[in-house]
Chemist: 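Structure provided below as structure tokens; questions to follow.
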Amino acid sequence: MGLGKPDNCVLVIFGGTGDLARRKLYPALYNLHVDGFLPDAVGIIAVGRRGFTRESFHDEIVLPSLKKFSRRASELDAFFKDFADRLYYFQADIYDEEGYKRFKRFLTELEDATGCTGNRIFYLAVAPEHFGPVVRGLQDAEMIPAPGWQRVVIEKPFGYDLPSAAELNRHLRAAFREEEIYRIDHYLGKEMIQNIMVIRFANTFFEPVWNNKYIDNVQITSAERVGVEDRGDYYDRAGALRDMVQNHLLQLVTLVAMEPPASLATEDIHDEKVKVLRSLRPMDEGAVNRNVVRGQYGAGEINGQKVLPYRKEKKVSPVSNTETFVALKLFIENFRWVGVPFYLRTGKRLPAKVTEIIIQFKSLPDILYFKEYGELRPNLLVIRVQPLEGIYVQLNAKRPGNNNYIIPIRLDFCQNCEVGVNSPEAYERLLYDVMRGDPTLFTRWDEVEAAWRFVDPIAAAWAARPPLFPNYAAGQWGPPAAQELVIRDGRYWWQEHEMQ
Ligand SMILES: NC(=O)C1=CN([C@@H]2O[C@H](COP(=O)(O)OP(=O)(O)OC[C@H]3O[C@@H](n4cnc5c(N)ncnc54)[C@H](OP(=O)(O)O)[C@@H]3O)[C@@H](O)[C@H]2O)C=CC1
Ligand SMILES: O=C1O[C@H](COP(=O)(O)O)[C@@H](O)[C@H](O)[C@H]1O
């Protein structure tokens with residue numbers, strides 16, 4: 001970060017008492033405060049239904065959230081009071097017209113008192129069905145257009161499919177210009193994801209070999225140990241395809257596969273990303289059956305503890321057919337990538353919490369070095385997104401000693417293993433960028449649209465063919481078909497193989 005202080009503004013968080021606000025938004029805002037990256041004059045107003053005073057909101061919602069989730073929790077004594085001076089609570093129901101009128105008075109008085117100059121950010125941290133009504137309420141009460149600049153931040157999921165996403169977009173565009181709409185994909189705020197373009201386009205090593213002549217396949221894994229936790233009502237309607245693949249995983253594909261943009265300007269980057277999404281080979285029902293695997297966890301063990309099957313999780317249907325795991329193979333039909341499979345995999349209740357991108361290079365012909373020289377492995381570039389942040393390159397080298405035995409070695413850079421490195425959370429960077437007015441790390445509408453175009457036929461093919469769930473035990477790497485997907489191509493999931 002360190003790009004200076006944003007303009008003075010007010011940040012209104014609809015859903016300011018909810019899980020997302022407590023887990024991510026307050027810790028991120030507090031960390032920005034500690035680091036001096038909040039505007040000089042800023043009012044942060046949480047809107048919720050429940051009755052809190054300003055003080056009880058600080059004590060019962062914000063402080064516990066910072067103690068639990070902030071990476072700077074040890075500095076609360078020094079910084080909390082100042083931070084809390086910028087935090088307000090407003091009780092209102094999203095569906096109460098009078099509430100918006102009262103809120104407008106509250107907002108304008110606060111802007112006058114704090115010098116926030118009419119710049120307004122509306123963060124919709126509420127369930128998606130409330131997005132449209134909130135925007136209409138703000139319009140009807142004439143809080144938008146704002147006297148200064150205005151921005152709206154939309155949480156995922158952005159729609160349930162292409163038609164619902166398009167409808168939501170129409171609602172938003174009735175009140176905001178495209179460049180005022182910040183569609184959050186928090187993976188784009190992660191340190192190593194921001195690093196992908198730098199690794200690719202600032203290193204002579206990689207760009208010349210970054211194509212189908214030298215790359216054999218790309219593997220992207222985003223695995224979680226947790227189950228659905230308290231979000232069963234949302235997750236049971238969404239599933240892993242909509243929750244993770246449509247957004248986070250396809251965004252990672254765009255960053256790995258895009259052409260160098262004409263400049264680092266937001267539109268140039270988005271233009272290249274959307275071209276990748278538009279080049280994805282669409283899947284018909286046959287292709288879905290061959291190339292996409294879905295799974296749902298049954299009972300099993302995580303970290304030696306027995307855990308419930310998905311169908312017994314809170315707020316989940318006991319006969320649910322929602323997938324908690326997806327593995328798929330996709331192809332990008334352009335000159336750079338034709339013929340290179342991209343294997344994607346994500347799921348809950350898997351053996352590890354890990355997100356990694358692995359680029360496997362093609363092997364050299366075994367003319368000089370054969371099997372008897374050792375196990376010759378393909379070169380890999382591994383981008384570690386979390387929990388470790390860094391990259392390593394796997395090479396073949398001679399084992400020290402008087403023989404020609406070859407072993408794999410790693411050139412390893414671990415960013416968060418360095419003493420003193422404490423990477424900012426994704427939401428810190430994203431909130432900072434909203435306040436600065438930089439939408440580069442957010443998704444533009446045409447990206448969302450193209451991603452749904454790819455995902456909708458998969459969901460439709462699944463809907464036509466009920467699954468046999470559960471099909472993996474919690475604590476396994478998904479169902480056996482996920483292994484077969486790569487094994488039948490003569491490959492294996494590297495990340496798993498490396499962990500054995
Ligand atoms: N939680 C997470 O980790 C993530 C969440 N998201 C998305 O963020 C959004 C919020 O999720 P989450 O925080 O988990 O949801 P929660 O159910 O925890 O919180 C919902 C919030 O909305 C408020 N609310 C609900 N109905 C009304 C109403 N009629 N009027 C006013 N306020 C209302 C609640 O206020 P009150 O408490 O007063 O009832 C509460 O603050 C969703 O779109 C979700 O998909 C996205 C990624 C991750
Ligand atoms: O958006 C989401 O992401 C989280 C995983 O995020 P991470 O930063 O911990 O990798 C996932 O648990 C959640 O279901 C999904 O909505």
Side-chain angles (χ1 to χ4, degrees), residues 12-28 45-52 56-57 60-62 65 69 89-97 99-100 103 123-134 137 153-160 168 183-193 220-249 251-252 310 313-315 322-326 346-350 352-356 384-387 389 423 425-427 429-430 443:
V12 180
I13 304 176
F14 287 92
T17 51
D19 183 69
L20 179 78
R22 282 179 284 125
R23 218 185 262 267
K24 300 287 186 190
L25 305 187
Y26 300 129
I45 311 172
V47 180
R49 277 176 303 196
R50 282 179 274 166
F52 289 105
S56 66
F57 167 66
E60 292 168 38
I61 298 284
V62 184
S65 109
F69 299 114
Y89 183 73
F90 190 84
Q91 184 188 7
D93 192 295
I94 285 166
Y95 294 90
D96 171 20
E97 232 176 273
Y100 288 93
F103 185 52
Y123 197 122
L124 308 191
V126 289
E129 61 267 29
H130 301 320
F131 294 166
V134 173
V153 188
I154 296 283
E155 260 304 335
K156 59 171 288 216
F158 198 89
Y160 178 79
L168 167 59
R183 299 177 192 83
I184 287 252
D185 184 311
H186 78 277
Y187 269 49
L188 298 179
K190 290 183 191 280
E191 278 291 317
M192 286 308 296
I193 307 282
I220 301 179
T221 295
S222 184
E224 296 186 89
R225 280 205 185 95
V226 292
V228 288
E229 300 179 293
D230 293 326
R231 297 175 68 217
D233 47 354
Y234 151 72
Y235 193 89
D236 207 31
R237 278 178 282 137
L241 183 69
R242 293 183 172 90
D243 187 49
M244 294 292 290
V245 177
Q246 190 272 345
N247 34 80
H248 306 321
L249 266 61
Q251 283 293 320
L252 300 198
Y310 175 71
E313 298 274 22
K314 271 184 280 173
K315 302 185 220 163
T322 298
E323 78 287 352
T324 58
F325 176 92
V326 178
T346 184
K348 297 212 182 266
R349 290 291 190 218
L350 302 185
K353 169 74 183 170
V354 64
T355 302
E356 278 183 359
R384 293 170 145 171
V385 177
Q386 59 186 17
E389 292 174 1
S423 294
E425 294 281 324
Y427 274 88
R429 173 61 195 252
L430 297 174
T443 45

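Sequence positions, counted from 1, serve as the residue numbers for this chain. Counting starts at 1 for both ligands and their atoms, following the listed order. Values below: all heavy atoms of this structure, side chains included; hydrogens, waters and symmetry mates excluded.
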Chemist: Under 6.0 Å from the ring centre and within 45 degrees of the ring axis: does the NZ or CZ of Arg242 meet both conditions for the six-membered ring of Tyr160?
Modeler: yes

Chemist: Using 30° and 60° as the class limits, which term best fits the ring planes of Tyr26 and Phe57: parallel, tilted or perpendicular?
Modeler: perpendicular

Chemist: Are Lys314 and Asp230 within salt-bridge range, i.e. N to O under 4.0 Å?
Modeler: yes

Chemist: Between Tyr234 and Asp243, do the side chains contain an N or O donor and an N or O acceptor separated by less than 3.5 Å?
Modeler: yes

Chemist: Which class fits the ring pair Phe103 and Phe90: parallel under 30°, tilted 30 to 60°, perpendicular over 60°?
Modeler: tilted

Chemist: Distance only, no hydrogens: is a donor on one side chain within 3.5 Å (strictly under) of an acceptor on the other, for Glu356 and Thr221?
Modeler: no

Chemist: Can you measure from NE2 (His186) to CD (Gln251) and round to the nearest 0.5 angstrom?
Modeler: 12.5 Å

Chemist: Write out the protein residues near ligand 1, meaning a non-hydrogen atom under 4.0 Å from one of its atoms, in order of chain and number.
Modeler: Gly15, Gly16, Thr17, Gly18, Asp19, Leu20, Gly48, Arg49, Arg50, Ala92, Asp93, Ile94, Tyr95, Ala125, Val126, Ala127, Pro128, His130, Glu155, Lys156, Pro157, Arg231

Chemist: Which protein residues have a heavy atom under 4.0 Å from ligand 2?
Modeler: Lys156, His186, Tyr187, Lys190, Glu224, Arg231, Asp243, Met244, His248, Lys348, Lys353, Gln386

Chemist: About how many Å separate CD of Glu224 and OG1 of Thr324, when rounded to the nearest 0.5 Å?
Modeler: 10.5 Å

Chemist: When rounded to the nearest 0.5 angstrom, what is the spacing between CD1 in Ile61 and CZ in Phe52?
Modeler: 4.0 Å

